[in-house]
Amino acid sequence: MKIGEEASAAIAGASDLAALDVVRTALLGRKAGQVTELLKILPQLPPDDRREAGAVVNALKTAVGEKLDERNAELSKAAPAAASDADLTMPGRARWLGAKHPITLVIEEIEEIFRDLGFTIAVGPEAETEWYNFTSLNFPADHPAMDMHDTLYLSEGVLLRTHTSPVQMRTMQSHKPPIRVLSPGNVYRRDFFDASHAPMFAQIEGLCVDEGISFVDLKAVLTHFANRFFGKTKTRFRPSFFPFTEPSAEMDVECVICGGSGCASCKGTGWMEILGSGMVHPRVLKAAGIDDEKYTGWAFGMGPARIAKLRYNIPDIRILYDSDVRFLEQVAR
Ligand code: DAH
């Protein structure tokens with residue numbers, strides 16, 4: 001009977017199916033189970049005792065077997081199905097992974113090219129003063145040049161910057177030459193959304209100031225940039241006008257769609273404009289407190305959305321702002 005009580009306690013104490021299996025072997029195992037051993041002794045007993053003992057041991061065996069089965073049923077009900085039912089050969093559930101936006105990809109690629117040339121990244125505020133956005137950059141008050149920028153004013157003298165050029169001024173005020181900075185950021189204009197305009201868009205500004213810097217440096221660096229970004233390509237510089245540079249030039253690369261033969265994308269010219277640039281105007285250097293007799297510099301500004309449009313052959317820039325993942329997934333990497 002002692003074995004019977006111990007067996008009941010052990011069965012009740014088994015807290016999971018594996019533990020119960022161990023208890024079952026200890027009691028009924030064919031080799032050394034406690035109850036099995038008792039059954040093995042029976043043949044050695046005198047025939048009269050054998051019958052009585054046999055009845056008791058067999059009853060014990062049956063009782064233990066039933067208790068084990070009961071506990072097994074209890075534990076099976078409690079055990080989570082997944083633990084035993086999971087089909088490990090089934091393919092995993094696909095996870096939807098996000099990816100970088102094409103404009104971010106373009107900005108990062110441009111940053112890398114200029115970082116390799118020793119440029120560092122500079123940032124400035126999006127809410128800017130009129131002085132940084134216009135006056136210090138040699139926009140004469142009420143000059144028509146200001147009409148190029150449809151400005152969103154926040155309050156008297158404070159506006160949403162219309163370009164990243166004010167970061168040039170902030171950088172020159174806080175750093176002595178030699179200066180080599182790249183400044184990506186968002187800019188704002190009172191524009192309607194159409195195939196090539198948006199009221200908010202990214203720009204990247206570049207600025208290099210040192211002794212003996214000339215237009216040759218501007219051309220060399222920007223040509224190097226175009227060749228690295230677009231792959232070996234033809235470039236050309238066209239005279240242009242910006243109040244903060246003199247002389248000023250716009251840079252074109254051979255149309256990436258038609259390879260220069262002329263198509264709808266390049267309006268038949270074979271060229272695509274990618275940036276504005278020029279030698280920093282001496283008045284701009286002066287406004288920043290930099291000696292314009294000793295130092296010269298060049299600068300450029302470009303729009304990553306426009307570059308992304310060329311790079312990914314996008315007919316309408318609005319798709320860049322639509323957040324349609326079917327488009328974004330095509331470009332993602
Ligand atoms: N800020 C000009 C724009 O928004 C772009 C630009 C042109 C920037 C020439 C420059 C530059 O730094 O030198 O249209």
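As a basis for the values below, the full set of heavy atoms in this structure was taken, side chains included, without hydrogen atoms, waters or symmetry mates. Just so you know, ligand 1 is whichever comes first in the structure, and atom 1 is the first atom listed for that ligand.
- With respect to Glu74 and Arg71, a salt bridge is recorded, a charged nitrogen being found less than 4.0 Å from a carboxylate O.
- Heavy atoms of Gln168 come nearer than 4.0 angstrom to ligand 1 in at least one pair.
- In terms of polar-atom proximity, defined here as any N/O pair under 3.5 Å, Glu205 does make such a contact with ligand 1.
- The distance from ligand 1 to the heavy atoms of Gly278 drops below 4.0 Å at these ligand atoms: 13 (O).
- An N or O contact shorter than 3.5 Å links Phe300 to ligand 1 by distance.
- Between Phe134 and His163, the two ring planes are tilted [angle within 30° to 60°].
- The ligand atoms of ligand 1 that sit less than 4.0 angstrom from a heavy atom of Thr245 are 13 (O).
- Near Gln203, with a cut-off below 4.0 Å to any heavy atom, the atoms of ligand 1 are 3 (C), 4 (O).
- Residue contacts with ligand 1 for Ser165 involve side-chain atoms from C-beta outward but no N, CA, C or O (heavy atoms, distance under 4.0 Å).
- Proximity of Phe244 to ligand 1 is established by a heavy-atom distance of less than 4.0 Å.
- Looking at heavy atoms from C-beta onward, Ile290 lies in side-chain contact with Pro177 at the 4.5 angstrom threshold.
- Heavy atoms only, all atoms of each residue included: Ile307 and Met302 are closest at CD1-SD, 3.9 Å.
- A cation-pi arrangement is absent between Arg318 and Phe193 under the rule of less than 6.0 angstrom and at most 45 degrees off the ring axis.
- In this structure, Phe119 has its ring center no closer than 6.0 Å to that of Phe225.
- Remark: Arg311 qualifies as a cation-pi partner of Phe229 under the 6.0 Å distance and 45° angle criteria applied to the six-membered ring.
- The heavy atom nearest to atom 14 (O) of ligand 1, out of those in Arg189, His281, Met302, is found in Arg189.
- Those atoms of ligand 1 that come under 4.0 Å of a heavy atom in Phe242, given as number and element, are 7 (C), 9 (C).
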